[in-house]
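The next block holds one structure in the form of structure tokens; read it before the comments.
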Amino acid sequence: MDVLSVRGASVIMNCSAYCETSPKIEWKKDGTLLNLVSDDRRQLLPDGSLLINSVVHSKHNKPDEGYYQCVATVESLGTIVSRTAKLTVAGLPRFTSQPESSSVYKGNSAILNCEVNVDLAPFVRWEQDRQPVFLDDRVFKLPSGALIISNATDMDGGVYRCIIESGGTPKYSDEAELKILPDPEEPQSLVFARQPSSLTKVTGQSAVFPCVAVGFPTPYVRWTRNEEELTTEGSERFLFLAGGSLVISEVMEEDVGMYTCIADNGNETIEAQAELAVQVPPEFLKRPANIYAHESMDIVFECEVTGKPTPTVKWVKNGDMVIPSDYFKIVKEHNLQVLGLVKSDEGFYQCIAENDVGNAQAGAQLIILDLAPATTGPLPSAPRDVVATLVSTRFIRLTWRTPVSDPQGDNLTYSIFYTKEGINRERVENTSRPGETQVMIQNLMPETVYVFRVVAQNKHGPGESSAPLKVATQPEVQLPGPAPNIRAYANSPTSVTVTWETPLSGNGEIQNYKLYYMEKGQDSEQDVDVAGLSYTINGLKKYTEYSFRVVAYNKHGPGVSTQDVVVRTLSDVPSAPPQNLTLEVRNSKSIMLHWQPPPAGTHSGQITGYKIRYRKVSRKSDVTESIGGTQLFQLIEGLERGTEYSFRVAALTVNGTGPATDWVSAETFESDLDETRVPEVPSSLHVRPLVTSIVVSWTPPENQNIVVRGYAIGYGIGSPHAQTIKVDYKQRYYTIENLDPSSHYVITLKAFNNVGEGIPLYESAVTRPHSDTSEVDLFVINAPYTPVPDPSPMMPPVGVQASILSHDTIRITWADNSLPKNQKITDARYYTVRWKTNIPANTKYKTANATTLSYLVTGLKPNTLYEFSVMVTKGRRSSTWSMTAHGTTFELVPTSPPKDVTVVSKEGKPRTIIVNWQPPSEANGKITGYIIYYSTDVNAEIHDWVIEPVVGNRLTHQIQELTLDTPYYFKIQARNSKGMGPMSEAVQFRTPKAESSDKMPNDQASGSAGKGSRPVDIGPDYKPPLGGSNSPHGSPTSPLDSNMLLVIIVSVGVITIVIVVIVAVFCTRRTTSHQKKKRAACKSVNGSHKYKGNSKDVKPPDLWIHHERLELKPIDKSPDPNPIMTDTPIPRNSQDITPVDNSMDSNIHQRRNSYRESVRNTPSTDTMPASSSQTCADHQDPESTTGAYLANAQEEDSAQNLPTAHVRPSHPLKSFAVPAVPPAGSTYDPALPSTPLLTQQAPNHPVHSVKTASIGTLGRTRPPMPVVVPSAPDVQETTRMLEDSESNYEPDELTKEMAHLEGLMKDLNAITTA
């Protein structure tokens, strides 16, 4: 150990060595052995220690001060030396500064100086009024000797002096009086009486940072380290002395940093800084190990050390320094290699490491083993014909023949011994496999004679040696040496000049030079031929490091290359703008900007900052500039409310400003966040239990319009009210520590603001048992030679949040529990972000890497829900994926037009057309409306077209009062909350020529007239439906007067009502057994006892239409095996009846009783989306169905929700139309049900749905046919259409009709009674 002594004192330098044979102990001073036999002041103690009596020390004579080393020797083994220890003798006592009289206000701190030599400071003590001063944390002495008195009281007043007692006569300083003053009435300015100064300490020492501030009011002192608050809680090594000084005991390497003393008295604040540097004595990471070897072998002693400053290493053999040579080499920095061992190499080898603050030694023994005696058996004879088949400058290949004793030689191995001629140290090289008779000896010296011999070895041992073979290596070709004094310097951002001198060992005339250069970090080198001694390379990258080297050429070829020189080209302004500029509106007066640096390779220098320019969009000339630091964000404050601003950012270097980004705009809020009510409940809470802690993570409330000031976390065993912790509003995770293992904790989370706390969210977790080692929170560096376990997985990121920035951009942020609380990343970890959307379902994840705690995901689809998760990777360790965060991008204007636009004429109204369409493929948001443009001139300007607006949930629209026999062109445009989308292609449609009775009611847009038209396939069996002025049987050859037809319809309707009532009464009195028999024909609309849900959840039932039964069947069957039968009245009118073909007349009488329909009305207590009664249908005479079936409108509150479908008949009685029941009090339009593919839907239903209509046929069924059911006109529009179709009849015409009806009724009665 190092020793500090004073003149005249006695010193003992300890040394002890252990061995079975007592070692001989000697001492060295400054590397020279001491002769202790004739020394009367120094003597060797029995245990080997050195005693120095009466240390001598004067200004010109310092015989005892120096470095001492103990040497232990055992004759038969060798010698070892100890580490060196320094003996320092304190100088003569003298003061460099002495205390001076001063005064101090009561409660403040006072300093009394007494500066002495550093080696004398431990011998200083203080007296007050000639009495010793007792030191504590209020009154303490600095290492320099000065005295600090904190929180001064009247008792501290008096006369002080310091004394040096270093042996001999004490030395006293001048006396100084300290006066204690009462508190002043006026505040006194705050100043430092003593500031901390930077220190360099060795690990294990103590560091004292004095910080004495005086003023009135009395200041309070606090400390920070590397800008983080420094506390002494939980640390035994950090101590705050009274008055504010800081003491760090047993300094460690991690204590390095900048320490700041901050003094504050309420009126002002001052601060002072000092840096602590820590030095570390040498320590061994790997010590040499004992080695046992045979002669001629090569061995390596390993030695690995660390320290600060980096230690130097030297090797000692038996106490003497090892000098590197051809056979003793230092390899891999500190390892010692011994080539061609001989017996004299045996002994102790020590690795001695030293730096400025200490030294250390570690040793190992080399033991040369004798060759094992050969076992009984024949040994091989000498190998034959040893020759050198290849001789080069630095290697030789030897070959030989097998010994005579073993001509096959398959089991023989060979050892080749070689040495330089005249050197008795042989090296050995062994063949790699048995039977091999050649070897390559490498690493030889050029133009040197070597002696080789070969020995064969079998299982009994080595045999005879071959005769020595002398071989001389080739001389090296006379090539140029390296060019000296190579220098490189940058001329501009793109050019570098390289200079050099002629090689000293030219070995002939230099013909030319080749200059090689390469960008740092690349692996492809470029070269250029140069005749002179300098060259300028142009076209390099800006602000990029390049390495250069030069090779000289002579007539023999290339010489030795120079060492690489590295130079960086000069910087320039950036050549590209920053990337990914995004704006985040914080409130009504501020906007946060985020961006990424310009792309790599375009910085052209060190980015020193960013210039932000912004302006109001309305006033483009008024531009404001703001220059910030190198951070990649900036908060712009002081903006006006509800105002749109444009921003652009440019990067700065020392050379100037680079190009700026495009202008990006955002609008400040009209008003700030609401704080008139408490926050809502947090949107999620997750807990992750460990053994003695629980990691809690959460996401903020979904309503972002209410201010959140922070979060309150409550927890406890069985109840969350035992402990409460409040954290900042920005925090998304917290670790609850110091918990009991295997315990059930309840955790609650509440958001709060100045109004109060919001609704809590609860979660529970059970901490893990003590024996659970699946989670490792602390990683301990293992001791040497202990195997390191495989890396455990890292904890996944927590608090993942998705912030929507635009229609295609979302910012993902997260926190990392494995980072310190300031979330500062100081290692090489990186994060992987992945994201996907669930539409379509098989979408694959996309991923990206980030090195910060946020990432900007761009290129997303508008108005689309995405899910995000994050994982962290550090070296070979990775975490699992975090919990997912979700975000829906903002809407964007539709980017495609409405599709499948078709135009058809309205039945019976040739001047009215119906436009149908489907929503855009790329709606990019909820469609809020459509605009239909139509014109007779397809080339007209768009503002000259007629406009018809339609609400967004409609996919059909009627346009009335068009001109007959005129071509019209139609376009449709969709809009959402962001604006209008593109128009569809023009679709042409020609209105009918005249309002004739035989005009086909469904005129279709011509397929070739314009894009987007879609003629509807009406099928080969099409028959015009009854309507307009068509004949009752659908035959155009038997016209009837339309007035007569109306009378017939009314009359038949009255008769049908009577028949329906009779049959209904009959049905209600049927027995249960009869009902069971008819269950196949009586299907329930909803198939269950009660309808569950509400009307907006119900889809219109599909229609299955058969020629034998008229039923409404829901396509989704109820699981109830015994559905309750309910009645469904089906209102009809004459236009709904399928026309009867004349060919069927002959079959009617054969099937008189085949068609019979009754209606039974049963009130329903459930809320139904459509009628809640059921149709019971049997076969009756088809002619009896020509009447109108009327329903009880009072029971059908929501009848307008019942869907209608019109299916063109392929055969009489094979299909019919089921119209919707009109609401009570409204008039029903008889023409509406025959409009193709129309339905009335409840407002909450989807915009359109796809249904399946199946048409039953005689003896066979057709496959289901998809039917697109768009929205029907509103009720008001239906009423308006109905009013247009009303007709007036004269009394005389009615009389004629009644007479004709009387005859028809007689025929009808005959049929029904039969």
Side-chain angles (χ1 to χ4, degrees), residues 898 900-918 930 932-938 945-946 948 950 954-972 984-1019 1022-1030 1034 1036 1042 1135-1136 1139 1204-1209 1217 1219 1229-1240 1267-1274 1277-1278 1280-1287:
D900 299 342
V901 180
T902 59
V903 184
V904 297
S905 65
K906 182 170 173 60
E907 295 182 34
K909 291 190 177 182
R911 292 177 180 272
T912 301
I913 61 96
I914 299 171
V915 184
N916 302 311
W917 64 91
Q918 292 298 310
Y930 297 92
I932 302 175
Y933 299 81
Y934 65 95
S935 170
T936 56
D937 181 6
V938 72
W945 292 47
V946 182
E948 290 271 347
V950 184
R954 299 284 301 279
L955 294 173
T956 185
H957 186 68
Q958 293 191 16
I959 301 177
Q960 302 176 356
E961 302 302 328
L962 300 181
T963 307
L964 294 176
D965 195 22
T966 303
Y968 283 88
Y969 299 90
F970 297 85
K971 296 182 179 180
I972 304 184
S984 66
E985 296 282 349
V987 175
Q988 183 187 12
F989 176 81
R990 179 179 286 276
T991 51
K993 293 183 178 180
E995 301 187 31
S996 61
S997 61
D998 58 349
K999 180 67 180 172
M1000 187 172 71
N1002 285 353
D1003 286 333
Q1004 298 293 327
S1006 170
S1008 61
K1011 290 184 179 178
S1013 65
R1014 262 186 157 180
V1016 177
D1017 181 11
I1018 61 176
Y1022 173 77
K1023 294 289 189 296
L1026 185 64
S1029 57
N1030 289 3
S1042 61
Q1135 295 192 0
D1136 298 327
T1204 68
H1206 182 80
V1207 183
R1208 293 178 185 80
D1229 182 1
L1232 189 59
S1234 61
T1235 303
L1237 312 179
L1238 289 183
T1239 181
Q1240 287 187 355
V1267 179
V1268 179
V1269 188
S1271 301
D1274 294 333
E1277 187 176 349
T1278 306
R1280 187 173 66 251
M1281 293 162 56
L1282 178 121
E1283 290 171 354
D1284 294 340
S1285 65
E1286 289 180 347
S1287 302

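When a residue number appears, it is its place in the shown sequence, counting from 1.
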- Pair D965-R990, side chain to side chain contact (heavy atoms under 4.5 Å, CB included): steps then yes or no: CA-CA 6 Å; D965 195 22; R990 179 179 286 276; 3.2 Å; yes

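Rounded to the nearest 0.5 angstrom, W945 CH2 and I932 CD1 are separated by 12.5 Å. Taking NZ of K906 as the start and CD of Q960 as the end, the distance is 8.0 Å to the nearest 0.5 Å. Atom OH of Y934 and atom CD of E948 lie 4.5 Å apart (nearest 0.5 Å). To the nearest 0.5 Å, atoms CD1 (I913) and CG (L962) are separated by 5.5 Å. The structure places CH2 of W917 at 12.5 Å from CG of D900, a figure rounded to the nearest 0.5 Å.
Of the possible polar contacts, one joining the S984 side chain to the I972 backbone as a donor-acceptor pair under 3.5 Å is found. No donor-acceptor pair closer than 3.5 Å links the side chain of S905 to the backbone N or O of P910.
Closest of all the heavy-atom pairs between L964 and K993 is CB-O, 3.8 Å. Heavy atoms only, all atoms of each residue included: R954 and Y930 are closest at O-CE1, 3.5 Å. The two residues I959 and F970 have their closest heavy-atom pair at CD1-CE2, 3.8 Å.
Under the rule for a side chain to side chain contact (heavy atoms under 4.5 Å, CB included), the partners of T936 that lie at least two apart in sequence or sit in another chain are T966, Y968. With sequence neighbours left out, Y933 forms a ring pair (Phe, Tyr, Trp, His ring centres under 6.0 Å) with no residue at all.
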